[in-house]
Novice: 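Let me give you the structure first, and then I'll get to my questions.
Quick note: residue numbers are just sequence positions, from 1.
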Amino acid sequence: MTYRANSGHPGGSLSATDILTALYFHVLRHNPKDPKWPDRDRFVLSKAHACPVLYAALAESGYFPVEELATFRQINSRLQGHAHIKTPGVEMSGGSLGQGLSFGIGAALAARLDARPTRVYVLLGDGECDEGQVWEAAMAAPHFKLDNICAIVDRNRIQNDRFTSEVMETEPIVDKWRAFRWNVIETNGHSIADMLAAFDQAKQVKGRPTVIIAQTTKGKGVSFMENNPDFHGKAPNKDEYEKAMKELA
């Protein structure tokens, strides 16, 4: 997608691929034939620039034809450069970082008021956790005892054009979430089995929200993209694309 468009965010999409695979094909209660099914679980992509991985998951799930992925970032395409609600299966329009957890809390509260079985999953970038709104939301969820919401932090340690430790040190990130009274699970974000175990554990926790700190690698699976800040928001050229596809295959 990013190669065809010569634009987009491959690094953070690859770091979250296993997380979304676990969610869309093993965890979420959702119906591609009825995207607005009231009892569905909600997935919120707070780091909305990583929408290529979300579009891929939605297409493979059947929300729209896989062939439509080729229209990524084209004028009048339903697949724009940041996730938005005109795309079937997308719950929240994104772009400005830091808003997804607040939106997810609203959805979780609504599900409780409506007595629905909905669970809400919100994927945050670790660089996104620089945003103050994330921590306002982090205060609110345990205050309202929301055990039907699960946040996932894509801990790939790179944001935009440098490492998170250079921009704003987020460590000790686990202690911070615990201090905000969340149940915290640390896991390998590239192990489907470990992610599924974490999601299952989160479902058992009552009376407070859970956050999964998923340890990941930016650009996972492509040698020259891994741990490389250059590919946060840069598409591969032709040679790079061909090498990447061989490695991913």
Novice: Side chains of Pro52 and Pro10, heavy atoms from C-beta outward: is any pair under 4.5 Å?
Specialist: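 Not touching, per the 4.5 Å side-chain cut-off.
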
Novice: Ring-plane angle category for Tyr63 and His30, please: parallel below 30°, perpendicular beyond 60°, tilted otherwise.
Specialist: parallel

Novice: Measure from the side-chain N and O atoms of Gln204 to the backbone N and O of Gln201, and report whether any donor-acceptor pair falls under 3.5 Å.
Specialist: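 No, because the side chain of Gln204 does not come within donor-acceptor range (under 3.5 Å) of the backbone of Gln201.
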
Novice: Could you tell me whether the side chain of Glu91 and the main chain of Arg42 form a donor-acceptor pair under 3.5 Å?
Specialist: no

Novice: Pair Asp154, Ser15 - check side-chain hydrogen bond (donor to acceptor under 3.5 Å, both in side chains), show working.
Specialist: CA-CA 7 Å; Asp154 183 1; Ser15 67; 2.6 Å; yes

Novice: Does a side-chain heavy-atom distance below 4.5 Å link His82 with His49?
Specialist: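 Answer yes - side chains close enough.
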
Novice: Distance check, rounded to the nearest 0.5 Å: Asp230 atom CG versus Asp161 atom CG?
Specialist: 8.5 Å

Novice: Checking Ser191 side chain against Asn188 main chain: does a donor-acceptor pair fall under 3.5 Å?
Specialist: no

Novice: Apply side chain to side chain contact (heavy atoms under 4.5 Å, CB included) to residues Ile152 and Tyr121 and explain how you reach the verdict.
Specialist: CA-CA 7 Å; Ile152 310 106; Tyr121 297 86; 4.2 Å; yes

Novice: I'd like to know if the side chain of Arg4 and the backbone of Met1 have a donor-acceptor N/O pair within less than 3.5 Å.
Specialist: no

Novice: Apply side chain to side chain contact (heavy atoms under 4.5 Å, CB included) to Arg78 and Glu68, showing your working.
Specialist: CA-CA 9 Å; Arg78 294 191 293 180; Glu68 193 172 341; 2.8 Å; yes

Novice: Please check this pair: side chain of Asp41 against backbone of Arg29, looking for a donor-acceptor N/O pair closer than 3.5 Å.
Specialist: yes

Novice: Are the side chains of Thr170 and Asp130 in contact, using a 4.5 Å heavy-atom criterion?
Specialist: yes

Novice: Taking all atoms of both residues into account, what is the closest heavy-atom pair of Pro236 and Thr2, and its distance?
Specialist: CD-OG1, 3.6 Å

Novice: Which heavy atom in Ala235 sits nearest to a heavy atom in Asn6, and how many Å separate them?
Specialist: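 In this case the closest contact between Ala235 and Asn6 is CB-C, 3.7 Å.
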
Novice: Judged by atom type as modelled, is there a donor-acceptor pair below 3.5 Å linking the side chain of Gln159 to the main-chain atoms of Val167?
Specialist: no

Novice: More than 12 non-hydrogen atoms from neighbouring residues, nucleotides or ligands closer than 6.0 Å to CG on Asp39, yes or no?
Specialist: yes

Novice: Under 4.5 Å between any side-chain heavy atoms of Thr118 and Arg40, yes or no?
Specialist: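 The answer is no, as the side chains (C-beta and beyond) never meet within the 4.5 Å cut-off.
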
Novice: Please examine the side chains of Lys218 and Arg157, heavy atoms only from C-beta on, and report whether any two atoms are closer than 4.5 Å.
Specialist: no

Novice: Do you know which two heavy atoms are closest between Asp147 and Gly207, and how far apart they sit?
Specialist: OD2-N, 2.9 Å

Novice: I'd like to check Leu54 versus Tyr24 (side-chain heavy atoms, cut-off strictly below 4.5 Å). Are they in contact?
Specialist: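 In short, these two side chains touch, coming nearer than 4.5 Å.
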
Novice: Show your reasoning for whether side chain to side chain contact (heavy atoms under 4.5 Å, CB included) applies to Val211 and Asn183.
Specialist: CA-CA 6 Å; Val211 59; Asn183 174 54; over 6 Å; no

Novice: For the side chain of Thr87 and the backbone of Ala83, is there at least one donor-acceptor N/O pair under 3.5 Å apart?
Specialist: no

Novice: Run the side chain to side chain contact (heavy atoms under 4.5 Å, CB included) check on Leu79 and Arg73 step by step: do they pass?
Specialist: CA-CA 6 Å; Leu79 311 181; Arg73 287 198 170 213; over 6 Å; no

Novice: I'd like to know if the side chain of Asn148 reaches the main chain of Ala108, judged simply by a donor and an acceptor atom lying under 3.5 Å from each other, with no hydrogens or angles considered.
Specialist: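 Such a contact is found between Asn148 side chain and Ala108 backbone.
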
Novice: In terms of hydrophobic clusters joined by side-chain contacts under 4.5 Å, are Val153 and Val44 together?
Specialist: yes

Novice: So, is the end of the Lys234 side chain (NZ or CZ) under 6.0 Å from the ring centre of Phe231 and within 45° of the ring's axis?
Specialist: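 Yes; both conditions hold, so Lys234 lies above the ring face of Phe231.
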
Novice: For the backbone of Gln74 and the side chain of Gln80, can you confirm whether one donor and one acceptor N or O come within less than 3.5 Å of each other?
Specialist: yes

Novice: Got Glu186 and Gln215 here, is their nearest side-chain heavy-atom distance under 4.5 Å?
Specialist: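 The answer is yes; the side chains approach within 4.5 Å.
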
Novice: Are Leu146 and Leu123 co-members of a hydrophobic cluster defined by side-chain heavy atoms under 4.5 Å apart?
Specialist: no

Novice: How many angstroms lie between CG in Asp126 and CE in Met168, if you round to the nearest 0.5 Å?
Specialist: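 That separation rounds to 13.5 Å.
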
Novice: Would Phe103 and Val122 show up in the same hydrophobic cluster when neighbours are defined by side-chain heavy atoms closer than 4.5 Å?
Specialist: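 Yes: a chain of side-chain contacts under 4.5 Å links Phe103 to Val122.
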
Novice: Please give me the minimum heavy-atom distance between Leu69 and Phe64, naming the atom from each residue.
Specialist: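 Heavy atoms only, the tightest pair is CD2-CE1, 3.9 Å.
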
Novice: Quick one: NZ on Lys33 to OG on Ser61, what's the gap to the nearest 0.5 Å?
Specialist: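 It is 13.0 Å, given to the nearest 0.5 Å.
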
Novice: Between Trp177 and Trp135, how do the two ring planes meet: parallel, tilted or perpendicular, split at 30° and 60°?
Specialist: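 Because their plane-to-plane angle lies in the 30° to 60° range, the rings of Trp177 and Trp135 count as tilted.
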
Novice: So which heavy atom on Gly189 is nearest to which on Asp18, and how close?
Specialist: O-CB, 3.3 Å

Novice: Return the OG to CD distance between Ser102 and Glu131, rounded to the nearest 0.5 Å.
Specialist: 11.0 Å

Novice: Give the C-alpha distance, both sets of side-chain angles, the deciding distance and a yes or no for side-chain hydrogen bond (donor to acceptor under 3.5 Å, both in side chains) between Gln99 and Ser46.
Specialist: CA-CA 6 Å; Gln99 298 179 351; Ser46 191; over 6 Å; no

Novice: Identify the two heavy atoms, one from His26 and one from Thr21, that lie closest to each other, and give their separation to 0.1 Å.
Specialist: CD2-O, 3.8 Å

Novice: Same cluster or not: Phe72 versus Ile85, using hydrophobic residues (I, L, V, M, F, W, Y) connected whenever any side-chain heavy atoms lie under 4.5 Å apart?
Specialist: no

Novice: Would you find a donor on one side and an acceptor on the other, under 3.5 Å apart, between the side chain of Glu171 and the backbone of Ile173?
Specialist: yes

Novice: Do Met195 and Ile19 have side-chain heavy atoms sitting under 4.5 Å apart?
Specialist: yes

Novice: Can you tell me how far CZ of Arg112 sits from CD1 of Ile149, rounded to the nearest 0.5 angstrom?
Specialist: 11.0 Å

Novice: Can you tell me how far NZ of Lys246 sits from OG of Ser223, rounded to the nearest 0.5 angstrom?
Specialist: 12.0 Å

Novice: Find out if a path of hydrophobic residues (ILVMFWY) with successive side-chain heavy-atom gaps under 4.5 Å connects Val174 to Met139.
Specialist: yes

Novice: Is the NE2 atom of His143 crowded by more than 12 outside heavy atoms at less than 6.0 Å?
Specialist: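 Not more than 12 within 6.0 Å, no.
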
